[in-house]
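Here the structure is laid out as structure tokens; the discussion comes afterwards.
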Amino acid sequence: MQMATMKNDAHQENMRMKRESSPLELDLPSALEQVNNLCNDCGACVKNCAFLQKYGSPGQLAKELADGSAANLSRAYECSLCGLCTTLCPQGCDPSGMFFQARRQANADLGDDKRHGVLRNYEAQGTSPRFTWYALPQDCDTIFFPGCNIPGSRPEIVKLLFQHMQQVIPNLGVVMDCCCKPSHDLGRTDFFREMFGELRSYLLDNGIKKVLCACPNCFKVFSMYGGGLETEMVYALLDANELPQAEKVTGEVCVHDPCPLRNESAVHEAARSILRKKGLKIAPQRRERKKTLCCGEGGAVPCMAPDLAKKWPEIRVKDIQGRPLVTYCAGCALFLGRHTPTHHLLDIIYKPKETLDGRVKPAPSPITYWNRIQLKKWFQRNLPAEAARERSLPYGASGESAGGAGFKGALFAFAGGLLCGFKKIK
Ligand code: SF4
Ligand code: SF4
Ligand code: SF4
């Protein structure tokens with residue numbers, strides 16, 4: 001099989017520019033100034049967003065945020081950080097960026113909010129020695145970074161996908177770790193910088209040049225902060241080569257593009273091309289690609305304002321008029337799947353008929369923790385590595401000690417194993 005990638009100069013230039021304007025180099029006063037100067041209260045963004053409908057236009061909110069009060073800063077945790085307002089604004093305002101800066105300021109002033117504890121713990125597990133595994137074979141310059149959700153919910157598919165990509169990239173390595181996007185979005189800037197910075201340095205020091213992501217959030221983090229590393233979604237690679245499973249199906253679906261990828265037109269196209277190759281027709285919608293919606297889970301809004309989070313799937317459900325949805329983010333598939341039948345593209349690739357018939361059930365938590373350990377063991381048995389490691393937390397995530405996170409991880413994994421009859425990956 002010939003290797004074919006989506007590498008092109010325009011994309012690389014785009015990535016370089018994104019990194020140079022890193023949101024971590026900006027601050028709240030500059031974001032407020034931008035919105036104050038440009039927003040004319042036209043309402044184009046407000047029409048589409050329940051958060052703005054509740055609190056007011058970005059221009060009005062910029063004036064309120066300027067007082068720096070805890071109440072006003074904390075409101076930013078009810079914004080999904082989905083970027084739709086920024087895309088729609090005819091004046092070039094970046095309200096999404098402003099709410100991100102408000103979160104950073106809120107975290108600096110007020111510290112961690114206990115309502116985000118579950119998410120912080122999830123990330124602490126993902127970065128702990130128990131769940132991490134780096135395996136870089138000899139002459140490896142490309143790694144697969146599957147993220148946290150897919151290894152837990154679909155470990156067999158991760159195994160098959162890895163083996164398939166090995167046919168294209170024989171020295172492919174694997175890194176099971178968390179990109180720390182949860183901390184990034186919660187405004188925990190120092191923690192994110194330290195954790196992602198250490199991950200990136202390890203990869204660069206070991207000669208890695210390219211990262212293949214299965215999770216849109218991981219892709220976004222590597223694209224924005226992974227200077228020196230080329231980043232690609234696995235769907236671009238899959239589409240550019242022979243698909244792993246030839247079975248075809250018929251039917252019509254709608255596509256939910258994950259909001260972190262709203263500006264990645266090559267990935268939108270790859271996902272649709274794969275669906276067409278599987279035999280499916282794609283019904284167009286009003287809100288897709290660049291104008292896609294949040295699934296509802298974005299920005300950890302369900303922890304703070306579940307009623308606002310639910311508004312997004314309500315709009316999506318109206319748009320699709322009873323057709324099945326396909327998405328390429330495991331988080332979106334889970335959240336939207338509570339409102340309407342929603343399938344992950346990887347399930348369609350590997351088990352198309354079973355998936356469309358509703359017979360494919362991704363593993364739920366805490367089985368996910370058991371699965372991640374089993375998948376790690378499978379990589380340890382099957383991928384000989386020149387460089388390998390588990391990762392140690394440089395300091396306790398969520399204010400916990402690394403030992404505390406480790407104990408909880410062992411407990412979750414045991415409970416998950418009990419629930420699934422200690423099923424192993426062969
Ligand atoms: S939820 Fe999305 S559209 Fe609404 S303000 Fe936040 S980033 Fe903008
Ligand atoms: S679309 Fe732009 S100008 Fe109009 S209200 Fe929203 S931020 Fe302001
Ligand atoms: S963004 Fe990726 S690594 Fe981070 S929590 Fe989601 S799946 Fe895990």
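First listed ligand is number 1; within each ligand, the first listed atom is number 1.
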In terms of the angle between their ring planes, are Phe192 and Phe196 parallel, tilted or perpendicular, with boundaries placed at 30° and 60°?
-> parallel

Taking only heavy atoms of Trp312 into account, list the atoms of ligand 1 that are under 4.0 Å away from them.
-> 1 (S)

Quick look: Tyr55 vs ligand 1, heavy-atom contacts under 4.0 Å, and the answer is neither

Near atom 6 (Fe) of ligand 2, which protein N/O/S atoms fall under 2.8 Å?
-> Cys45 SG

At what distance is the nearest protein heavy atom to atom 4 (Fe) of ligand 1, and which residue and atom is it?
-> Cys49 SG, 2.4 Å

Within 4.0 Å of some non-hydrogen atom of Pro90, the atoms of ligand 2 are 1 (S)

Flag the pair His116 / Tyr77 as yes when their ring centroid distance falls below 6.0 Å, and as no otherwise.
-> yes

Do the side chains of Leu345 and Arg272 get nearer than 4.5 Å, heavy atoms only?
-> no

Is any NZ, NE, NH1 or NH2 atom of the basic residue among Glu123 and Lys181 found under 4.0 Å from an Asp or Glu carboxylate oxygen of the other?
-> no

Any side-chain heavy-atom pair from Leu275 and Lys278 closer than 4.5 angstrom?
-> no

Just by distance, with hydrogens left out, do Thr132 and Arg391 show a side-chain donor and acceptor under 3.5 Å apart?
-> no

Could you tell me the residue and atom name of the protein heavy atom closest to atom 2 (Fe) of ligand 1, and the distance to it rounded to 0.1 Å?
-> Cys82 SG, 2.3 Å

For atom 1 (S) of ligand 1, the protein heavy atom that lies nearest, with its residue and separation = Ser80 N, 3.3 Å

Nearest neighbour in protein (non-hydrogen) for atom 6 (Fe) of ligand 1 | Cys79 SG, 2.4 Å

Does some side-chain heavy atom of Thr342 sit less than 4.5 Å from a side-chain heavy atom of His256?
-> no

Are Phe219 and Phe145 an aromatic pair by the rule of ring centers under 6.0 Å?
-> no

From CA spacing to verdict: salt bridge (Lys or Arg N to Asp or Glu O under 4.0 Å), Glu78, Lys54 | CA-CA 10 Å; Glu78 297 182 41; Lys54 180 174 172 185; 3.1 Å; yes

May I ask you to list the atoms of ligand 1 that are less than 4.0 angstrom from any heavy atom of Ser96?
-> 7 (S)

By number and element, which atoms of ligand 1 are closer than 4.0 Å to a non-hydrogen atom of Leu81?
-> 6 (Fe), 7 (S)

Does a side-chain N-to-carboxylate-O contact under 4.0 Å join Asp112 and Arg188?
-> yes

Around atom 3 (S) of ligand 2, find the nearest protein heavy atom and jot down its residue, atom name and distance.
-> Asn40 OD1, 3.4 Å

Presence of salt bridge, Glu156 and Lys159, under 4.0 angstrom = yes

Are Phe100 and His184 close enough that their ring centers fall under 6.0 Å?
-> yes

Pull out every atom of ligand 1 sitting under 4.0 Å from any heavy atom of Phe51, numbered as shown with elements.
-> 5 (S)

Contact check, Cys294 vs ligand 1, heavy-atom distance below 4.0 Å | no

